[in-house]
Amino acid sequence: MLPHTDKSGARQRSAGATEEKRDAMDGPAWEGRGVGALPRHLRGFAQTHLALRRDSRRLVAAVPLLTSSGLPAVAEWWRQFRGIVDWHHRTEDEILWPGLIEHAPEIAAGSHLMVQDHVALDDSMLRVTRALETGRAEALDGPVGMFDSVLHQHLHEEEELTFPVFTRVPPDVFTALERRVLAAAPFGVKRILPPWLLDGLPDPGGVMPGPVRLIGRTLLAKSYRRSVTGLLEPT
């Protein structure tokens, strides 16, 4: 007779370990300091990661409340959000990492891992897109949970890799690279980026120039709020 194995207990221990790992990945790598405590030239990058985490969690919260009638509004928001993620990661791979390697060669190996992470993240986003296309709210649960997990783990690992290096790169070099990243943003992303970065998040100096902040809080705010209504008020 085979010895009895408590499979349910093993599953619970495994689930608990997974949850602990997940909790460790939820917050930013600089947690406890805040964006405002980072060097000024790094705050825009850090704020972008906070905004990505915020929106992923909003989507997770909305899914249980969604019905098929509310899917079109969420799908429209998702297209906007996915455009931001695509731009952010494409320009990391094509502009930021190559530019940083010139000044910090030790980041090369880690940057290749981040590129691979982006492939996994793209796959998880495609699964959400396909679930939205079914027109069935219940189809979102698994894909959205996977996306949220992949995104949080990627951001945490990327921050642990890059922020120690970022602080050693001359501020003028990093700022010049960031300007190239922003210049490469599609018009739709540029239009939504200022209010998106300010939505429910701290607003320390250095995240964006003052005039851009003003436009984000005034001229661009109304259309942005309309675009997230389906996510914040799921039906």
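Counting begins at 1 with the first residue of the sequence. Please read these numbers as outputs of a predicted model, since none were measured by experiment.
- Taking the charged nitrogens against the carboxylate oxygens, R58 and D199 do have a contact shorter than 4.0 Å, which makes a salt bridge.
- For the pair L177/L100, a side-chain contact is recorded, criterion being any heavy-atom separation below 4.5 Å from C-beta on.
- D55 contributes atom CG, which lies 12.5 Å from atom CZ of R53 (distance to the nearest 0.5 angstrom).
- To the nearest 0.5 angstrom, L198 atom CG is 4.5 Å from R217 atom CZ.
- How far CZ of R179 is from OG1 of T175: 6.0 Å, rounded to the nearest 0.5 Å.
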inquiry  = Applying salt bridge (charged side-chain N to carboxylate O under 4.0 Å, His left out) to R225 and E233, what does each step give before you reach the verdict?
reply    = CA-CA 11 Å; R225 296 311 301 177; E233 302 173 13; over 6 Å; no
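- Under a hydrophobic clustering in which Ile, Leu, Val, Met, Phe, Trp and Tyr are joined whenever their side-chain heavy atoms come within less than 4.5 Å, directly or via other members, F81 and L232 fall into the same cluster.
- Taking 4.5 Å as the limit, some side-chain heavy atom of L59 sits within range of a side-chain heavy atom of W77.
- Ring-plane geometry between H49 and F45 is classed as tilted, the angle between the planes lying from 30 to 60 degrees on a 0 to 90 degree scale.
- Hydrophobic clustering, with ILVMFWY side chains joined whenever heavy atoms are under 4.5 angstrom apart, keeps I215 apart from L193.
- Checked by atom type and distance alone, the side chain of R168 pairs as donor or acceptor with a backbone atom of P164 at under 3.5 Å.
- In this structure, the side chain of T48 engages the main chain of G44 through a donor-acceptor pair within 3.5 Å.
- Judged by distance alone, the side chain of H152 and the main-chain N or O of D148 form a donor-acceptor pair under 3.5 Å.
- Nearest approach of V74 to G230, heavy atoms of both residues: CG2-O, 3.5 Å.
- In this pair, F174 and H41 present their aromatic rings perpendicular. The plane angle is above 60°, beyond the 30 to 60° band.
- Remark: W196 CH2 to R191 CZ distance equals 14.0 Å, nearest 0.5 Å.
- M208 and P194 get closest at one heavy-atom pair: CE-O, 3.7 Å.
- Side-chain contact check for P209 versus V212: some heavy-atom pair is nearer than 4.5 Å.
- For R90, the CZ atom sits in a packed shell: over 12 heavy atoms of surrounding residues, nucleotides or ligands are nearer than 6.0 Å.
- Shortest non-hydrogen contact noted between G135 and L71 is C-CD1, 3.3 Å.
- Other residues, nucleotides and ligands place more than 12 heavy atoms under 6.0 Å from the CG atom of D93.
- The distance from atom CZ of R79 to atom CG of L132, rounded to the nearest 0.5 Å, is 8.5 Å.
- When all heavy atoms of V35 and A46 are compared, the closest pair comes out as CG2-CB, 4.2 Å.
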message = Let's go through L197 and L201 carefully: what are the C-alpha distance in whole Å and the side-chain angles of both, what is the deciding distance for side chain to side chain contact (heavy atoms under 4.5 Å, CB included) to 0.1 Å, and is it a yes or a no?
response = CA-CA 7 Å; L197 285 170; L201 295 174; 6.0 Å; no
ask   = Please walk me through it: do L96 and F166 pass side chain to side chain contact (heavy atoms under 4.5 Å, CB included)?
value = CA-CA 11 Å; L96 191 59; F166 286 174; 4.3 Å; yes
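- In this structure, the side chains of H154 and H89 come closer than 4.5 Å at one or more pairs of heavy atoms.
- Cluster membership check: I84 does not share its hydrophobic cluster with L220, using side-chain heavy-atom separations under 4.5 Å among Ile, Leu, Val, Met, Phe, Trp and Tyr.
- A donor-acceptor contact shorter than 3.5 Å links the side chain of W87 to the backbone of V181.
- The closest donor-acceptor contact from the side chain of T67 to the backbone of T235 lies under 3.5 Å.
- The backbone N or O of V207 lies less than 3.5 Å from no partner atom in the side chain of Q47, so there is not a single donor-acceptor pair.
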task = Could you walk me through whether H118 and H88 pass ring-ring contact (aromatic ring centres under 6.0 Å, His included), step by step?
result = CA-CA 10 Å; H118 292 168; H88 178 63; 7.6 Å; no
query = Does the side chain to side chain contact (heavy atoms under 4.5 Å, CB included) test come out yes or no for R127 and F147, once each step is laid out?
reply = CA-CA 8 Å; R127 292 172 186 266; F147 165 71; over 6 Å; no
inquiry  = Please determine whether side chain to side chain contact (heavy atoms under 4.5 Å, CB included) holds for the pair D86 and D122, giving the CA-CA distance in whole Å, both sets of side-chain angles, and the decisive distance to 0.1 Å.
reply    = CA-CA 8 Å; D86 287 342; D122 286 345; 4.1 Å; yes
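- Residues L231 and P234 come closest through the heavy atom pair O-CD, 3.5 Å.
- Listed by chain and number, the residues in a side-chain contact (heavy atoms from CB on, under 4.5 Å) with T129 are W78, R82, E133 (sequence neighbours excluded).
- In this structure, R54 places its CZ atom where more than 12 heavy-atom neighbours from other residues, nucleotides or ligands lie under 6.0 Å away.
- Between the S149 side chain and the M146 main chain, no donor and acceptor come within less than 3.5 Å of each other.
- Side chain of S227 to main chain of Y224: a donor-acceptor pair is present (N/O by atom type, distance under 3.5 Å, no hydrogens or angles).
- R43 and G36 get closest at one heavy-atom pair: NH2-O, 2.9 Å.
- One finds the OG1 atom of T91 at 10.0 Å from the CD atom of E178 (value rounded to the nearest 0.5 Å).
- Judged purely by distance below 3.5 Å, without hydrogens or angles, the side chains of Q80 and E76 never pair a donor atom with an acceptor atom.
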